Every structure is written in C-alpha cells, then in structure tokens.
Amino acid sequence: MGIQSLLRFMKPFIEPVHIEKYSGKRIGIDAYSWLHKGAYSCSMELCLGSRSEGAKRFLKYFMHHIDLLRHYKITPVVVFDGGSMPCKAATENERHRRRETNLESAKEKLKQGDVRGAVELFQRAVRITPSMAHQLIQILRKENVEFVVAPYEADAQLAYLSTLDADKGGVDAVITEDSDLIAYFCQAVIFKMDRYGNGEELLLDRVFNSVSNELSFKNFDKELFTGMCVLAGCDFLPSISGIGIKRAYSLILKYRNLDRVLSALKLDKRYQIPEDYPESFRKAVAVFHHATVYDAETKKLKHMKPLQHKDMPSLNGDLDFLGPELPPSMATAIAEGHLNPLTMEAFDYFCKIPSRADTSTVDNCITIFPAKRMNNEDISYRDQGSQMSLTQESCITIISDQQVGDEEITVTRQVKVDQKKYMKEALSLGKLIAPLESQQQVEIHMERSETPNNNPFKRRKLGDINPIKKSSSHQVPVLLDAEKSVDVLCSSSPESQETVESKPNNKSKAKHPKSTKTKTDNKNSILRFFQPL
DNA sequence: CGTGACGCCTCTT
DNA sequence: GGCGTCACG
C-alpha cells in the first residue's frame, strides 16, 4: 500500500530518468519489488512448491536487472525485508487471507483442468517467501553483489543507506515501487524502472525547492511532511475516514504543526477520530523518523535517528513499536542472510522442509543446523565461510572455502552424529555461535573454485547458479577450522561418531579419495551464545 | 471536488 | 505494491 495516493500526488515533481545518470554510483534496491514482479513469471510453480527450472525464473528476472545496473557501472546494493512490524500485522493478515483463498480456488481450477484460470489465480496467490529471498541471496553472494537483510522494514534500511556516504556503504538513490521510501525521507528514489533502465525519479530537493501549480512544500520540514503521509494513510495506521492525501496536505499547510492538526481534527464534527488515533499517529510518525535499521559498520542495530525519551514521554521508554531490539550477533546473522528474520531459524540450505534451527554463525563461523535431506541429493551450493547441516541420515555436512596460497578450494566432508542427541543438545544451548579459532589439522579433498564471472551481459544458465565447481581435485592437508566446532558439539553427545569421510562434490560422480582426520588440541574453543534480551 | 471501494496489472515469447 | 474507474457525499 505504501502511502495512499502519494505517488500520484507527487507527480508534478517526478521526472523521467535513465539509470545511466547514476553511472559510477551506488544504488539501493528494494528486493521485494523485483522479487514480486519476477514471481509472476512462475507463480504456479512457486505456489505448488515446484523446484523445477521454471520455478527459478524469478531469479533470472532479478539478475537481469542487476546485470543492467552493472552494465552502466552502477553498484547495486540489494536490501531485503526482515521481520514484520507489530503494527503492520493487521494489513498483513488481510493480505494473507486473500492469498489463501486465491490459492484454494487456483488448486480447484487446476483439478478441473482449467490451467489458464488456475494460473490467473496463482498469480494473485504468490507471495515472496524467506526461502525465495535466500535463494537469491546465494546467487548474490556468488556474484559478489552487495546485499543486506533489514532487521525490519527494507524501506527504512534503504532510506538509512541513502543518508550514508558511499565509502560507508551508502547509496545515491533507491530503486523501488513503494512510496514509503518518500515518507522515510529518502532523497532520491527511482520508481517503475523497466528492463532497459528507464524509470521515474523523485528527488526530495526538487520537492522542497520548487513550486508546481498550487502545490508547494517550501515551508514544509521533515516532521510536517511525514505527518502529511501518515494522515493520508500508511501501512502502520489507516487514515481517518474521509481524509486522503489532499486533505492531509491542506491540514498541514493550514496549521503547520502536527499537534494543532490533531486537535483541529478532533473538533471537526465531520470526522470520527478513534480514541487512540493521536497516540498511534505519533508512533507512526516516529517509525518513519526513528525506525530500527542495521548499521554494517558497527554490526549493530540502531535507530535511523536517535530517539530521546523526552520525544515521546507517553511511551515510558518502550520503543518496541520501532521494531524490538536484537542482540548484535543475531542482528548480524540476519543482515548477512544466515538467519530467517521471521522465524529466527537458520536457513535450510537445501531449500527443503523448514527445519528447526539450532545454531548459526556468521563470517568465519560455521553454521550448524538440522536439515532434512530429501531424495539423497547432493549438496549444490557454495558459500563464503563455512556451513554445516545435519542431514536426515544423521550426518553433518561441512562445506567450507579455504584459501591455500593463491588458490581457493572447496572442502566437503561428512561427519556422522546422533541426530536426536544433537538436537537436544543444540536446543538446550539455544542459538549459539562458534567462532573458528581452533587449529585442527585434517586431510580433506579439495577442489579449485572458478572465479566468479561478473560480466553484466553474459548469459548465465540458471541450473548453474550454485554448484560447487568441479575441476581437478587432489589431496592436500589443510587446516580445517570448522572441525573444532564440530567436535565441540559432537563430543557432548556420547553416541556421536567422529567418522570423517570425504564426499563427492555437487553432482559430479567423480571418485574422490577418502580423507583422514588428525586430531589436535582445541584450546581456543569459544562458544558465544545469543544474549537473552 | 476528494475519498474509497473495486477490479486489473506487474512476467514471458 | 500501483493504477484507473466510478459512485458517493
């Protein structure tokens, strides 16, 4: 929804633009808008949970647009939505209900053999899932495209990035379809960008410094502007019946003060103001100013603009409506795409049944989680750092990229453990992080990785998006840090086995030599736990 | 004249 | 998420 009719209202200030204008600059991208558009090309597959090539067309769509930007020497920074805001629950429940009913009737049509009718309904039933976002993230990693998962609203994160300098991760403009970016006071927004890079640009400078047929924001400040947006109706707070963007603008223009507008509305008998409207209104305005965002520099959550207690005394310091705080370790794990921001579970890298996450890590840490492995498929992705997963067959699979001299290699092994024991253990530990500080010597097999090809217009085969590259493999002893953390977890379970065996990478059926393990001491073992709030 | 409810569209060849 | 249309006050 964004802000009701805001875009149409702002039309006088919107000008056509081609992204080439931002050549050499950085542009933030609202991942949701491209994901959503791309999902249309494969809505049925997505709704039915198909994992065919067809179900991945949304990825192709997205990456085409990324390549377009890179072709014009623009650095894309993709921003994903994180957890949902409490005050947005009403809006989202409504959408969910409609999607569900559409999905039901779509399946009915399909049963009746009406494919065409079914597709139409599936298109209204598609929703962007964390799994889809995560599939995309894996490609972005491989393609060295910057991305961040916002703790809550992507719009807020994007607006925050637009306030930062480029060398601190900032962006010069934002591409989105959502008018909320304007309410968040994002200085440069590009709407409706097509596949050639043509779009419509809104610059706040233009809005506040020019006059256009009776429409002027010259004497507006940020406070008044967001006040107008909230009055017109936003996702956090529906507007008072009878008030739209034009009346909102007039009210602000007339009273030039939010409190005066509120009291004027209260006295006006034409409108029915809910008892709690003024408080909700204040909160909604505060979200647009002080939303919780992720700061990549400090690797912590922060408010877009610091909020003093005196700003909103009625809250008694309760700022949860801005998005509850999270411990830094969790915030980072979310931002870097390791934790599902809705469930706080580690992502199931096999993209199968949602698994119960136990532990998760970032960067140089290993990720450990139980993942049900189906159809005995080989692991088919690679990632920076290391990941592990517990398979149905009670194995932990470890994948890690290692630097040996000038060469980057991929290491894959499996360790057998007792799953039940492991689950119990891990659950009792909560979500833990295990930095890789051990130095265990393990002999493993290794494979050379191909350097990623970032040629903008090079066609990629989608089936090729994530495999561990196969090439010559040979045995070399390497320090495998992940090993230590495996032991930490496994040793707590008496039934766990410490068998280590090599596993053929990806789909290559090539025979790899068995690896052997050499144990050493792990004195530097550190387990960090997520702090309770 | 402005609001709000309704239906239609976003992709792909 | 947006857009255009149209009945209503």
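All heavy atoms count here, side chains included; hydrogens, waters and symmetry mates do not. Quick caveat, the model's predicted, so the values are computed rather than measured. So that the names make sense, note that chain A is the first sequence line, chain B the second, and so on, each numbered from 1.
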Residues in contact with DNA chain C, drawn from residues 174-189 of chain A - heavy-atom cutoff 4.0 Å: A:E177, A:D178, A:S179
Start and end of chain A contact along DNA chain C [non-hydrogen atoms, under 4.0 Å]: C:dG1 to C:dC3
A:P324 backbone acceptor or donor facing A:Y152 side chain under 3.5 Å: yes
Within the 6.0 Å centroid threshold, strictly below: A:Y72 and A:H18: yes
A:D165 with A:K168: basic N within carboxylate O range, under 4.0 Å: no
A:F217 and A:F225 aromatic ring geometry - parallel, tilted or perpendicular at 30°/60° bounds: perpendicular
Salt-bridge present (A:E104, A:R99; N to O < 4.0 Å): no
Working for side-chain contact (heavy atoms from CB on, under 4.5 Å), residues A:V78 and A:V145: CA-CA 8 Å; A:V78 181; A:V145 176; 4.0 Å; yes
Set of side-chain hydrogen bond (donor to acceptor under 3.5 Å, both in side chains) partners for A:E94, sequence neighbours left out: A:R97
Could you list, one pair per line, each protein nitrogen or oxygen that sits under 3.5 Å from a nitrogen or oxygen of nucleotides 11-13 of chain B, together with the distance?
from: B:dC11; atom 1: O4'; to: A:K37; atom 2: O; distance (Å): 3.3
from: B:dC11; atom 1: O2; to: A:Y40; atom 2: O; distance (Å): 3.3
from: B:dC11; atom 1: O2; to: A:S41; atom 2: N; distance (Å): 3.3

Sugar-phosphate only, base, or nothing, as touched by A:R270 at under 4.0 Å among non-hydrogen atoms: nothing
Interface polar pairs with nucleotides 1-3 of chain B, N/O, under 3.5 angstrom:
from: B:dG2; atom 1: OP2; to: A:K246; atom 2: NZ; distance (Å): 3.4
from: B:dT3; atom 1: OP1; to: A:G244; atom 2: N; distance (Å): 2.6
from: B:dT3; atom 1: OP1; to: A:G244; atom 2: O; distance (Å): 3.2
from: B:dT3; atom 1: OP1; to: A:R247; atom 2: N; distance (Å): 3.1
from: B:dT3; atom 1: O3'; to: A:G242; atom 2: N; distance (Å): 3.4

Sugar-phosphate only, base, or nothing, as touched by A:D235 at under 4.0 Å among non-hydrogen atoms: sugar-phosphate
N-O pairing of A:R282 and A:E223 below 4.0 Å: yes
Pair A:R206 + A:E201: basic N to acidic O under 4.0 Å: yes
All salt bridge (charged side-chain N to carboxylate O under 4.0 Å, His left out) counterparts of A:E297, not counting sequence neighbours: none
Toward the 5' end of DNA chain B, by each residue's nearest nucleotide, A:R8 or A:R124: A:R8
Ring geometry between A:Y61 and A:H65 (parallel below 30°, tilted from 30 to 60°, perpendicular above 60°): tilted
salt_bridge(A:K109, A:E120) N-O dist < 4.0 Å: no
Pair A:Y249 and A:F9, ring centroids less than 6.0 Å apart: yes
